[in-house]
Colleague: 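Below is one structure. I have some questions about it.
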Amino acid sequence: MHIPEPRGPLSAALLAVLAGQPTEIVAALTGLPALVAARLAEADDVIEDDDIQLALFCLYELHYGGLDGVDDGWEWHPGLIAVRRLLEEPFERGLRVAAAAAVPEVPPVPAALPVSDGVATVLFALAAADTGPSLSKYVAKKATVPQLREFLVHKSIYQLKEADPHTWAIPRLTGRAKAALVEIQADEYGGGRADRMHSTLFAGTMRALGLDDRYGAYVDTVPAIALASVNMMSLFGLNRRLRGAIAGHLAIYEMTSSRPNQLYGNGFRRHDFDAAATAYFDEHVEADAVHEQIAGRDLAGGLVEAEPDLLPDVLFGATAAMALDARLTLRVMDAWENGQSSLRSGFSVAA
Amino acid sequence: MTAPQERPDREPADGSITVCPDGPLLVRGDFEILTPSGEPVPRQRRTVALCRCGASAIKPYCDGTHKLIKFRTEPPGPADAGE
C-alpha cells in the first residue's frame with residue numbers, strides 16, 4: 001500500500017520512523033511513546049481519532065501487505081510492537097465501552113440447547129435486533145452514482161483484503177471451530193479460483209464504477225471510523241487472547257450480510273450497472289447465507305463449546321462489530337441526507 | 001448440532017445434510033444438484049445452503065430470507081446432524 005498522508009503528530013512521527021532502516025538506531029522511535037501519551041490525553045474518543053487510528057492502521061499494515069518502501073524488518077521491531085500495544089490497550093477499552101453502549105443487554109444463552117446451538121441462537125438474536133438506520137435501504141432506493149462510489153470507497157479499506165484479518169485466527173483454533181473457519185475462509189478466497197476471491201470480485205465492482213482498485217488507494221479519503229472498523233479486526237485477529245472476539249466478529253458480520261448485499265446490488269442495478277458491477281453483492285447473498293450458519297454454530301458455537309470461558313469475548317466481538325458498523329452508517333447517512341460527502345473534507349472520488 | 005467430523009464413533013458418509021434450526025439445509029461433501037431434467041444447477045461453492053422456507057429469491061439456494069419471514073422449524077426437528 002502507498003504511504004498515507006499523516007493525520008497528526010503521532011502518525012507523522014511514525015511514518016518518519018518507518019522511512020528509516022530498522023537496523024539503525026532511530027532517535028525518533030524513542031519519542032513515539034510520549035507522542036502516543038500526548039495524543040491519548042487529547043483525544044476525546046480513541047475510536048474516532050484520525051491520528052491514532054491512522055497510526056494503528058499503518059502498524060497493522062506491516063503485518064499484511066506492507067507499506068511501499070518500508071523495510072519489512074520493521075514488522076516485528078520491539079519498539080514498534082511496544083507502540084502498537086500502547087495504542088491497542090485504550091482502543092480495546094474504547095471498543096468495550098462502545099459495544100456495551102450499543103448493545104446494553106445481551107440475551108442469555110438458552111440452557112435447553114446444546115452449547116453451540118445456544119451461542120448461534122444468541123448471535124442470530126443480536127443480528128435480528130440490529131435496528132439502526134439502514135445504509136443498505138438507502139443504497140437500494142436513493143443513492144446517487146457519486147454516493148455509490150463513496151460507499152465503495154469506505155468499504156474498499158477492508159474489502160480489498162476481505163477475510164484476511166480472520167485468517168490470523170486459524171492456527172489459534174482447534175477441532176470443530178478450526179474446520180468451520182477454514183471452510184468459510186476457503187469460500188472467501190474463491191475455493192481455489194483467484195477470479196472468485198471476494199477481494200477480486202470487489203475490485204471488479206470498483207473498476208465498473210471507474211474507481212482505482214489498488215489496495216489502499218483511498219486510505220487518505222476515509223474518516224477515522226472507517227479505519228477503526230478494520231483496525232478492530234486486526235486487533236482481534238492478531239491477538240490470540242482475543243480469538244473469541246474474532247470468531248464473534250465474523251459470525252455477526254456474516255449474519256448481517258445476505259439481505260444488505262441483496263439491497264446493495266439493487267442499488268447498483270437501479271443505475272443500470274451490469275453483472276460485472278454487482279457480482280460481488282450477488283455472491284455475498286448466497287455465500288453469507290451459508291457462512292452465517294457455519295460461523296454461528298460451528299465457529300463461534302464450537303469455540304465456546306471447547307472453551308466456555310470465551311463466551312464473553314465472542315459476544316464482545318459481535319457487539320463491537322455492531323457498534324462500529326452503526327457509527328460508520330450514521331456518519332455516512334448523516335452526510336448524504338444533508339447533501340454532503342461522507343469522505344474527509346477536501347476529498348472527493350469523482351471518476 | 002455436532003459437525004460430522006466431530007463424531008469419530010460414526011462412519012462418515014460421502015455427504016452430509018445439516019438441518020439448521022429455523023434455517024436452511026446445509027449440504028456438504030460429494031453431491032450434485034440437478035434440475036428435474038437432469039441438468040446441473042449452477043453452483044459456485046462446495047458447501048451450499050438449500051432454501052427450506054420457500055421464500056428465497058435464489059432458490060434452490062438460501063438467501064437468508066427465512067429470518068425476515070420468521071420461518072420456524074418447530075416443533076423441533078432432529079436436533080442432530082442428519083444420519
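Small disclaimer: the values here were computed from a predicted structure and weren't measured. Chain letters run A, B, ... following the sequence lines, proteins first, then strands; residues in each count from 1.
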Colleague: Look at B:C62, B:G23, B:G64, B:A57 and state which one has the largest set of heavy-atom pairs under 4.5 Å with chain A.
Modeller: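 When all of B:C62, B:G23, B:G64, B:A57 are compared, B:C62 has the most.
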
Colleague: Can you name the nearest heavy-atom pair linking B:F71 to B:C53, along with the distance?
Modeller: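 In terms of heavy atoms, the two residues are closest at CG-CB, 3.4 Å.
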
Colleague: Report the relative orientation of the aromatic rings in A:H249 and A:H166; use parallel for angles under 30°, tilted for 30 to 60°, perpendicular for over 60°.
Modeller: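 The rings of A:H249 and A:H166 sit tilted, inter-plane angle from 30° to 60°.
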
Colleague: What part of B:L68 gets within 4.5 angstrom of chain A, counting heavy atoms only: side chain, backbone, both, or neither?
Modeller: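 The answer is the side chain of B:L68.
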
Colleague: Find the distance between OG1 (A:T200) and CZ (A:R193) and round it off to the nearest 0.5 Å.
Modeller: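 One gets 11.0 Å once the value is rounded to the nearest 0.5 Å.
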
Colleague: Among the options B:T65, B:V48, B:T47, B:L50, pick out the one with the most heavy-atom pairs lying under 4.5 Å from chain A.
Modeller: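 Heavy-atom pairs under 4.5 Å are most numerous for B:T47.
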
Colleague: At a 4.5 Å cut-off on heavy atoms, which part of A:E283 comes close to chain B: side chain, backbone, both, or neither?
Modeller: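 A:E283 touches chain B through backbone and side-chain heavy atoms alike.
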
Colleague: What part of A:A120 gets within 4.5 angstrom of chain B, counting heavy atoms only: side chain, backbone, both, or neither?
Modeller: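 Neither; nothing under 4.5 Å.
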
Colleague: Do the side chains of A:L315 and A:V122 get nearer than 4.5 Å, heavy atoms only?
Modeller: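 Result yes, sub-4.5 Å side-chain heavy-atom pair found.
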
Colleague: Would B:R43 and B:F31 count as a cation-pi pair here, with the cationic atom under 6.0 angstrom from the ring centre and within 45° of the axis?
Modeller: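 Positive - B:R43 is close enough to the ring of B:F31 and near enough to its axis.
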
